[in-house]
Amino acid sequence: MTNSETKATLSFSDGSASLEMPIYKGSVGPDVIDIRKLYGATGMFTYDPGFMSTAACNSSITYIDGDKGELLYRGYPIEQLAVNGGDFLETCYLLLNGELPNAAQKTEFVDTVTKHTMVHEQMQFFFRGFRRDAHPMSVLVGTVGALASFYHDSLDINDPHHREVSAIRLIAKMPTLVAMAYKYSIGQPFVYPRNDLSYSANFMHMMFSTPCEPYKVNEVLVRALDRILILHADHEQNASTSTVRLAGSSGANPFACIAAGIACLWGPAHGGANEAALSMLEEIGNVDNIPEFIKQVKDKNSGVKLMGFGHRVYKNYDPRAKLMRETCYEVLNELGLQDDPLFKLAMALEKIALEDEYFVSRKLYPNVDFYSGIVQRALGIPTSLFTGIFALARTVGWIAQWKEMISDPEQKIGRPRQLFVGSPKRDVPPIAKRG
Ligand code: SDX
């Protein structure tokens, strides 16, 4: 971050105040105006609901160029990492450490993560309190937060070693907890992790093995899942990452912060969109119903949105959506489902939307959630678990951002202010005199 020679000057038309503010330049992307002295100098706050024009921090982890549809993890394009950049754990190492691992570093990192995939045996009792049909995200919010009660040896956020151990534990145990949530929902016994399998193969094993029959690893499907995890690993200061940072700014332990991130990701405007997008496709049913559906979307009173479309930052095609569509082809071909009706419906819907002025004028393009549900459904993952897979993948991004924030000398507890529009001070009337 460097100081720009240009300053920002704020002056009031009535001449009541004038303030000069520094402008900082990053390595790429928009510059920022440092407004930290604004309130002290003017007695006023900025007003930015939804943080449309607000940089909450400086970061060197993930960069998005919304106009170009570009996504970089530590400078590497997502297209390269997802297609020929190795597996998800290499991306995890990159996000956590800033550089891709060499062979020795990768071996050590994979071995460390592998050896932390089991959860404490008592964790299983938390599941029993849930209904079998509980939404997996409610189970994950509860069980990830509960992890804090087992790891008192890694809760000191000011101890770098504690931060490192917590990061490994969360990355390693999320697949186990997500698979346990699935097994619990279908009444099958929990399946222990296997250290002889890769991270993604082990997840598929814990999801689909039973005591009667082991899961037969299909490398094409495992690679597809691994790519899904890479595509979802991090994404700058999105809502759930900002939630993790805000929770972490109070000094909350990492397990509590990740549980907060999971809660935020659950929303249909955010990570819950992949589940909502598949339900939307199933509701549309066939291509003939697309025009009526699009009509509903354009009717503001309908409350209907084209789920999996639009993005706060991408005003061009989400690069992850392109890669997800390619993965769709690979998985459906591998499974002999080339004529999958939902995939054909999704592509028809995408084509129609991208030719429609309503979407073009609002720069609404498919985002990562538009195709991810189709791929996950083909992998045998139930719709209700899609956002749980998103949380599994995003845990490394949340943790990397949390670690960066804790180590940032500028970080303070996050405490936004407000424009108060409620009642000025007034006296309490006795109940007999209330209207
Ligand atoms: C993720 O932030 C991230 O990086 C998130 C994420 C990540 O990796 O962490 O990328 C993951 O959350 C992807 C987004 C998944 N959500 C969805 O697919 C849900 C559908 N999308 C929308 O809800 C919406 O596009 C948002 C929430 C994603 C973005 O909303 P914004 O930036 O606040 O934009 P907006 O709501 O102000 O929309 C601008 C206009 C509005 O119309 P007008 O008022 O101008 O007439 O576009 C319309 C909106 O009504 N619009 C849509 C639409 N999205 C926006 N209209 C129909 N369908 C949609 N999907």
Side-chain angles (χ1 to χ4, degrees), residues 29 48-56 59 61-67 69-73 78 82 91 95 137 228-245 261-281 284 290 293-324 346 349-350 352-354 356-374 386-387 389-398 400-401:
D48 188 15
F51 308 119
M52 307 283 280
S53 301
T54 294
S59 178
I61 299 174
T62 294
Y63 176 71
I64 304 170
D65 184 320
D67 294 328
E70 190 176 68
L71 169 58
L72 311 177
Y73 289 167
I78 191 68
T91 291
L95 290 169
M137 290 299 274
I228 289 171
L229 301 183
I230 293 171
L231 294 177
H232 287 83
D234 193 48
H235 213 241
E236 202 217 65
Q237 304 311 316
N238 58 85
S240 54
T241 297
S242 300
T243 301
V244 170
R245 279 180 171 260
I262 294 170
C264 176
L265 187 73
W266 192 355
H270 190 14
N274 51 21
E275 179 180 348
L278 197 88
S279 303
M280 171 190 74
L281 290 170
I284 294 171
I290 290 179
F293 178 76
I294 294 284
K295 195 173 155 201
Q296 284 181 43
V297 170
K298 293 177 180 178
D299 172 9
K300 291 290 183 191
N301 300 319
S302 72
V304 174
K305 284 194 182 286
L306 182 49
M307 299 312 280
F309 257 68
H311 199 277
R312 172 62 58 78
V313 178
Y314 289 122
K315 300 310 172 189
N316 198 324
Y317 215 102
D318 182 337
R320 301 169 298 176
K322 282 180 192 162
L323 291 159
M324 200 61 82
L349 181 56
E350 174 189 348
I352 292 168
L354 294 182
D356 186 305
E357 177 53 24
Y358 180 90
F359 299 96
V360 174
S361 64
R362 291 169 174 80
K363 297 186 177 181
L364 301 177
Y365 292 87
N367 59 51
V368 69
D369 293 307
F370 189 63
Y371 285 103
S372 73
I374 299 170
F386 290 173
T387 312
I389 303 287
F390 194 152
L392 189 173
R394 187 53 58 87
T395 293
V396 63
W398 287 331
Q401 299 269 352

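Ligands are counted one by one from 1 in listed order, and the atoms in each one are counted from 1 as well.
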Out of [options], whose heavy atom is nearest to [atom]?
atom	options	answer
atom 51 (N) of ligand 1	Ile294, Leu364, Asn274	Leu364
atom 29 (C) of ligand 1	Arg312, Lys298, His232	Arg312
atom 59 (C) of ligand 1	Val304, Thr62, Leu306	Leu306

From [X] [atom1] over to [Y] [atom2], what is the distance, rounded to the nearest 0.5 angstrom?
X	Y	atom1	atom2	value
Ser240	His270	OG	NE2	3.0 Å
Lys315	Tyr365	NZ	OH	10.5 Å
Thr241	Glu236	OG1	CD	9.0 Å
Asp48	Met52	CG	CE	8.0 Å
Asn301	Gln296	CG	CD	12.0 Å

- Message: Looking at ligand 1, would Ala239 count as a contact under a 4.0 Å heavy-atom criterion?
- Response: no

- Min heavy-atom dist Glu236 to ligand 1 below 4.0 Å: no

Taking [atom] as the reference point, the nearest protein heavy atom with its distance:
atom	result
atom 28 (C) of ligand 1	Gly310 O, 3.7 Å
atom 11 (C) of ligand 1	His270 ND1, 3.8 Å
atom 14 (C) of ligand 1	Asn367 ND2, 3.6 Å
atom 49 (C) of ligand 1	Lys305 NZ, 3.8 Å
atom 45 (O) of ligand 1	Arg362 NE, 3.7 Å
atom 4 (O) of ligand 1	His235 ND1, 2.6 Å
atom 44 (O) of ligand 1	Lys300 NZ, 3.6 Å
atom 21 (N) of ligand 1	Phe309 O, 2.9 Å

- Task: Decide yes or no for Asn238 and Leu265: does some side-chain heavy atom of the first lie under 4.5 Å from some side-chain heavy atom of the second?
- Result: no

- Lys298, NZ atom: more than 12 neighbouring heavy atoms under 6.0 Å: yes

- Query: What do you reckon, is CZ of Phe51 surrounded by more than 12 foreign heavy atoms closer than 6.0 Å?
  - Reply: no

- Item | Under 4.0 Å to a heavy atom of Asp369 - the qualifying atoms of ligand 1, by number | 1 (C), 13 (C), 14 (C), 15 (C)

Is there a nitrogen or oxygen of [X] sitting under 3.5 Å from a nitrogen or oxygen of ligand 1?
X	answer
Ile64	no
His311	yes
Met307	no
Ala269	yes

- Counting distance only, does the side-chain N/O of Asp318 pair as donor-acceptor with the main-chain N or O of Val368 below 3.5 Å? yes

- Query: Taking the side chain from Asn274 and the backbone from Ser372, do they hold a donor-acceptor pair closer than 3.5 Å?
  - Reply: no

- Within the 4.0 Å heavy-atom cut-off, what Ala276 brings close to ligand 1 is neither

Closest heavy-atom contact between [X] and [Y]?
X	Y	value
Thr387	Gly272	OG1-CA, 3.5 Å
Lys305	Val297	C-CG2, 4.1 Å
Ala82	Leu323	CB-CD1, 4.2 Å

Looking at [atom], is any protein heavy atom nearer than 4.0 Å to it?
atom	value
atom 55 (C) of ligand 1	yes
atom 1 (C) of ligand 1	yes
atom 18 (O) of ligand 1	yes
atom 37 (O) of ligand 1	no

- Item | Test ring-ring contact (aromatic ring centres under 6.0 Å, His included) applied to His235 and Phe390, Tyr314, Tyr73, the passing residue | Tyr314

